[in-house]
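Taking it in order: structure first as structure tokens, then the write-up.
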Number of protein chains: 2
Amino acid sequence: MSKIEPSWDYYRTFLMVLKEGSLSGAARELGLTQPTVGRHVDAMEEMLGFPLFTRSPQGLLPTDAARALQPYAETLAATSAALLRAASGQQDTVSGTVRISASEVIGIEVLPPILAELHAQYPDLTVELSASDAIEDILRQEADIAVRMAVPAQDALVALHIGAVPLGFHAHRRYLDRRGIPETLADLSRHSLIGYDRETAAIRAIIARTPELPEVRFAFKADSNLAQLAAIRAGFGIGICQNALAARDPDILPVLAAGFAMKLETWLVMHENLKTAPRCRVVFDALASGLRTYIRQP
Amino acid sequence: MSKIEPSWDYYRTFLMVLKEGSLSGAARELGLTQPTVGRHVDAMEEMLGFPLFTRSPQGLLPTDAARALQPYAETLAATSAALLRAASGQQDTVSGTVRISASEVIGIEVLPPILAELHAQYPDLTVELSASDAIEDILRQEADIAVRMAVPAQDALVALHIGAVPLGFHAHRRYLDRRGIPETLADLSRHSLIGYDRETAAIRAIIARTPELPEVRFAFKADSNLAQLAAIRAGFGIGICQNALAARDPDILPVLAAGFAMKLETWLVMHENLKTAPRCRVVFDALASGLRTYIRQP
DNA sequence: TCATGGCTATACTTTTATGTATGAGCAAGA
DNA sequence: TCTTGCTCATACATAAAAGTATAGCCATGA
């Protein structure tokens with residue numbers, strides 16, 4: 001009856017073996033040695049009563065059972081990281097680590113100056129940035145604060161509506177000089193278009209709202225919006241990006257601005273638990289103000 | 001830079017010290033010794049850089065910082081328990097442990113026969129029952145399957161609408177013989193009423209929907225609906241309970257059945273991850289069918 | 001007042017877990 | 001073919017964590 005619960009450290013080792021695919025690799029990551037990692041896996045297998053990996057000289061291959069347990073181990077890892085972040089901000093001063101999740105474009109083009117100013121004000125603050133759009137992140141505490149383009153239907157979350165980020169077609173002046181300026185949406189079919197690789201839910205919504213959009217064949221495909229932005233800047237063709245980002249470069253010109261308008265509703269999201277944490281409050285307020293300024297610029 | 005992450009076992013020990021309020025108590029619960037538990041706490045304090053407890057000969061008092069970290073430690077504990085349950089069902093047969101969360105009344109009055117029949121069919125299945133109404137339970141994986149009286153606004157959850165459980169005023173025949181049968185809602189003010197101790201969201205909703213309800217003073221107050229049911233059965237007075245439960249006892253009679261009808265919409269909820277787990281499927285289906293039968297009876 | 005039973009803290013011993021060193025297997029490339 | 005580089009497994013030595021025993025503190029109750 002008095003079965004001793006196994007060490008929680010086994011789960012950490014197990015997760016790293018899954019990620020690395022080998023005992024040696026996991027040992028390197030964890031700062032342990034290969035025999036130790038092997039012993040952890042052995043102990044875990046013995047206590048569970050079934051094998052987690054099939055061993056081979058090339059590494060360890062996870063069994064179905066191991067894959068079924070992986071999400072739990074990942075939650076453990078995320079939670080323990082969140083605990084350490086929470087602990088880092090327990091001093092009465094604004095200090096510690098705050099992990100922010102945002103889309104690539106926002107995280108790279110918009111947030112850095114906001115965060116730089118914030119950090120100048122609070123030098124003890126460490127900021128982690130994670131490029132991701134998954135709402136689950138914040139529920140699973142993989143991030144403390146998130147910039148999201150969807151309403152979080154979550155009771156446990158604090159959500160602040162920032163406003164709508166306007167989007168539009170844009171191209172580099174160099175490209176337009178060479179290929180001409182399209183006048184109607186239909187003209188787009190004669191242009192080099194920059195677009196998505198896989199359809200996401202957000203993209204399907206835009207397509208549904210814009211029936212005038214011609215059937216297009218993209219000349220440049222990338223799931224990364226950041227890569228699409230880079231392609232626009234490089235004069236590859238016409239693509240969609242945030243108006244405010246395009247406006248920063250006088251050589252990037254809006255195209256079909258009158259006939260086509262889109263916007264991304266934006267929210268700032270935080271776990272309710274963190275409302276009272278000073279380090280999170282400060283970052284939340286700075287992001288709210290910074291993002292609103294970003295949205296309001298012409 | 002190469003700061004070693006602390007042992008995750010420290011968090012387990014830390015949580016138990018919080019719960020027990022003493023090193024010795026935590027040691028007893030964990031199957032460790034008091035010096036070991038003390039060392040874990042010391043190590044954790046040293047790595048965090050601030051104290052977690054103020055020591056005294058009477059025990060350990062948590063600091064504010066420790067209380068702030070408690071929810072994270074609890075998530076860790078819940079997740080590791082969920083991992084072990086998931087592992088328990090990894091055999092190809094229907095086996096292992098399933099943890100069910102339901103209200104006290106449902107869990108004690110309705111579920112046992114359903115689960116008994118299920119267990120007769122699958123003897124290798126272990127069922128854990130947790131009396132709780134918090135939706136978070138299932139999100140935080142503190143339970144595998146939950147019976148809930150609210151729509152779960154959660155993407156990651158599978159929810160099956162069971163139907164509406166009819167509620168009504170009831171009293172024991174003995175009480176009604178002695179005090180008479182109320183004819184209108186207003187008559188209730190002359191009766192001994194059994195009711196809630198604190199207003200919950202569900203209760204406020206009912207009050208808002210029923211403006212005819214007189215201002216009442218309860219003669220018996222309990223937050224536990226189970227205790228209220230027991231008071232009704234004991235002939236203490238008039239209270240609200242599920243019609244189907246009252247109908248089981250011929251001496252419990254409905255009161256004001258015509259003028260007052262309420263119902264609790266009921267859902268069966270499961271984490272999406274567990275959809276494919278055989279042990280959870282089986283329990284989910286059995287609960288769905290059993291609860292629907294329960295609701296349909298007159 | 002003094003014993004009892006709860007608690008923590010410390011010194012010491014033992015057990016456990018980890019690291020080190022090495023061997024064997026397999027794949028890729030000279 | 002034979003190295004090189006990667007893997008896991010094993011035997012042995014060491015370091016780290018656990019347990020044991022005990023002392024001290026502070027309540028409570030006879």
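Chain identifiers are assigned alphabetically (A, B, ...) following the order of the sequence lines, protein sequences preceding nucleic acid strands; residue numbering begins at 1 within each chain.
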Length of the CD-C1' vector between B:Glu29 and C:dC7, whole Å: 16 Å
Base, sugar-phosphate or nothing for A:Gly59? Non-hydrogen atoms, less than 4.0 Å. sugar-phosphate
Any salt bridge (charged side-chain N to carboxylate O under 4.0 Å, His left out) pairs touching residues 7-16 of chain B, not counting sequence neighbours? A:Glu5-B:Arg12, B:Asp9-B:Arg12
Is the backbone of A:Phe53 close enough, under 3.5 Å, to the side chain of A:Glu45 for a donor and an acceptor to pair up by distance? yes
For B:Asp9 and D:dA17, what is the distance between atoms CG and C1' respectively, to the nearest whole Å? 12 Å
Check ring pair (Phe, Tyr, Trp, His ring centres under 6.0 Å) between A:Tyr122 and all other residues, then give those that pass, not counting sequence neighbours. none
Which letter, B, S or -, goes with each nucleotide of nucleotides 15-30 of chain C from 5' to 3', with contact meaning a protein heavy atom under 4.0 Å? ---BBBB----S----
With a cut-off of 6.0 Å (strictly less than), are more than 12 heavy atoms of other residues, nucleotides or ligands near CD of A:Glu128? yes
Base, sugar-phosphate, or nothing for B:Ser24, non-hydrogen atoms under 4.0 angstrom? base
My understanding is that only residues two or more places apart in sequence, or in another chain, count here; which of them pass ring pair (Phe, Tyr, Trp, His ring centres under 6.0 Å) with B:Phe220? B:Phe236
Beyond-backbone contact of B:Leu15 with B:Glu74, side-chain heavy atoms, under 4.5 angstrom: yes
Pull out every residue in residues 60-68 of chain A that has a heavy atom closer than 4.0 Å to any atom of DNA chain C, ordered by number, or say none. none
I'd like a table of donor-acceptor pairs (distance under 3.5 Å, sequence neighbours excluded) in which one partner is a side-chain atom from residues 22-30 of chain B, with atom names and distances.
from    : atom 1 : to      : atom 2 : distance (Å)
B:Ser22 : OG     : B:Gly25 : N      : 2.8

Heavy atoms from other residues, nucleotides or ligands near CZ of A:Arg67 exceed 12 (cutoff 6.0 Å): yes
CG of B:Leu23 versus C1' of D:dA18: gap in Å, rounded? 15 Å
Is the phosphate of D:dT7 approached by A:Arg28 (side-chain N or O, under 4.0 Å from OP1 or OP2)? yes
